[in-house]
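Index from 1, following the sequence. Heavy atoms only: backbone and side chains are in, while hydrogens, waters and symmetry mates are out. We count ligands from 1, going down the list as the structure has it; atoms in each ligand are counted the same way.
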Amino acid sequence: MKCSHLISLLGSFLVILSLQAKPQHVTTKSNDVIISLGKDLRERLFPVANKQALFEDDQTSFIKVSQQELAQITEVAHEEFNRCGGFMLHQEEEAVQFWHERGLAFAAQKMLTLNYQINQEKTVKTFISEVKENRIAQVIRKLSSYKNRFYTSDTGVESQTWLYNHWKQLSANRSDVKVFRWNHDGWPQDSIVMEIQGKSSDKIVVGGHGDSVAGWWRRERASAPGADDNASGIATITEIIKVLLDGNYQPQNTLVFVSYAAEEVGLLGSKEMAKSYRESGENVLGVLQLDMTNFNGSDWDIVLISDFTNEAQNIFLGSLIDTYLPELSWGYDKCGYACSDHASWTAQGFPASTPFEAKKGDMNRHIHTSRDTLSRSNDNAEHARKFAKLGVAYIVELDN
Ligand code: BES
Ligand code: ZN
């Protein structure tokens, strides 16, 4: 067959492929496709500075290209390299699978960009107005009253049990809500999970760590109130739950709220959960991590952590703040390392974000000491309240 015939055949094949139904949440510009091509062609056509590959090794690059670019590749491959095509076409799902198998989840999640929209104004505004600072402060007081919430201590087990019972109580009259303990093999502290069943089994995950830590010596007995790190995040999540349940919110997707065990010793609880979600093929629309929400240390109200998180979802969060909390200022900062549970989800290829209390350099300096008490935040939860509002907006908009 002549090259020109093959090219036109390929053209029709491409149109069919790009018309094929994709999972609804996956959006590429409708005429974009993913190709893999050899190093020589890649260097000739897409110098690295001009186009970032989704994934590449010494021989092959996976790149997202438009139909126009595809035509150009075909021509150059034919004219200059004397090849027909010179590349392979991949469907998005197959490419994601490929990267997962190669442990290249970072590349995979880059392309799983949702079509984020903001159009639930009425519901969001009603729910946001129901967020109560005093309820958040109350939960922070309760959790920080445990001597510590260390993952191997009795009080670390008890504090999670208290939360389990509290979430059970909040959902007592809802048959579509399950609260359960996620048992971990290597240590006694459970993660606590609440699921609000949606019409779909696709998940939206909102989590934070329930454990606390202080010092390096006999940490099972150390005084680690962890009011900000991270009773504040758990209390913020509890307020989000309260508002949604009181408002009788019936989600489209399944909402998953988590208090992770053992974050402070290497993100252990969330690593296990994120891995298990990936292995059982859960479709997660988004993950929101709330870790430290109640110390107002910067001139910005909310700081979006830009590393180990999903860029598209971060932009969505910024738009949510602008839309629903226009009185607040926000910006980006880096943690510089895998500083909290969002990194566990990112590592498994799920889109995760962390709205944080301050710029990294302005954050609460008393964390991981016996001084991490609510008194460092003027004995109130005014700052955390903003994050509860953002969390509600995030869930309702992403869910719809
Ligand atoms: N809440 C802290 C740190 C943090 C900082 C989270 C900025 C989010 C944004 C977290 O609980 C923590 O202490 N993380 C550890 C790392 C972890 C892998 C043990 C840390 O920062 O040392
Ligand atoms: Zn910590």
Checklist entry - Should the pair R376 and F295 be classed as cation-pi, given the thresholds of under 6.0 Å to the six-membered ring centre and 45° from the axis? => result no
Checklist entry - Of the backbone and side-chain N, O or S atoms of D229, does one lie nearer to the Zn ion (ligand 2) than 2.8 Å? => result yes
Checklist outcome for this item: Sequence neighbours excluded, the answer for side chain to side chain donor-acceptor pair (under 3.5 Å) partners of N248 is R174, Q250
Next on the checklist: Side chains of S270 and W345: any donor to acceptor distance under 3.5 Å?
Outcome noted: no
Checklist entry - Can you pull the disulfide (SG to SG under 2.5 Å) pairs that have at least one residue in residues 254-341, sequence neighbours excluded? => result C335-C339
Checklist entry - So, N253 versus D399: side-chain donor-acceptor pair below 3.5 Å or not? => result yes
Checklist entry - Just wondering, do H209 and R149 contact through their side chains at under 4.5 Å, heavy atoms? => result no
Quick one: table the atom pairs, ligand 1 N or O against protein N or O, below 3.5 Å, distance rounded to 0.1 Å.
from, atom 1, to, atom 2, distance (Å)
ligand 1, 1 (N), D229, OD1, 3.1
ligand 1, 1 (N), D291, OD1, 2.9
ligand 1, 1 (N), D291, OD2, 2.9
ligand 1, 11 (O), H209, NE2, 3.0
ligand 1, 11 (O), D229, OD1, 3.2
ligand 1, 11 (O), D229, OD2, 3.4
ligand 1, 11 (O), E263, OE1, 2.8
ligand 1, 11 (O), E263, OE2, 3.2
ligand 1, 11 (O), E264, OE1, 3.2
ligand 1, 11 (O), E264, OE2, 3.1
ligand 1, 11 (O), D291, OD2, 3.4
ligand 1, 13 (O), E264, OE1, 2.9
ligand 1, 13 (O), H368, NE2, 2.9
ligand 1, 14 (N), C339, O, 3.0
ligand 1, 21 (O), Y337, OH, 2.6

Item to check | the Zn ion (ligand 2) to nearest N/O/S of E264 below 2.8 Å | outcome: yes
Item to check | Whether H209 has an N, O or S atom under 2.8 Å from the Zn ion (ligand 2) | outcome: no
Checklist entry - Is there any salt bridge (Lys or Arg N to Asp or Glu O under 4.0 Å) pair reaching into residues 327-356, and which pairs are they, with sequence neighbours excluded? => result none
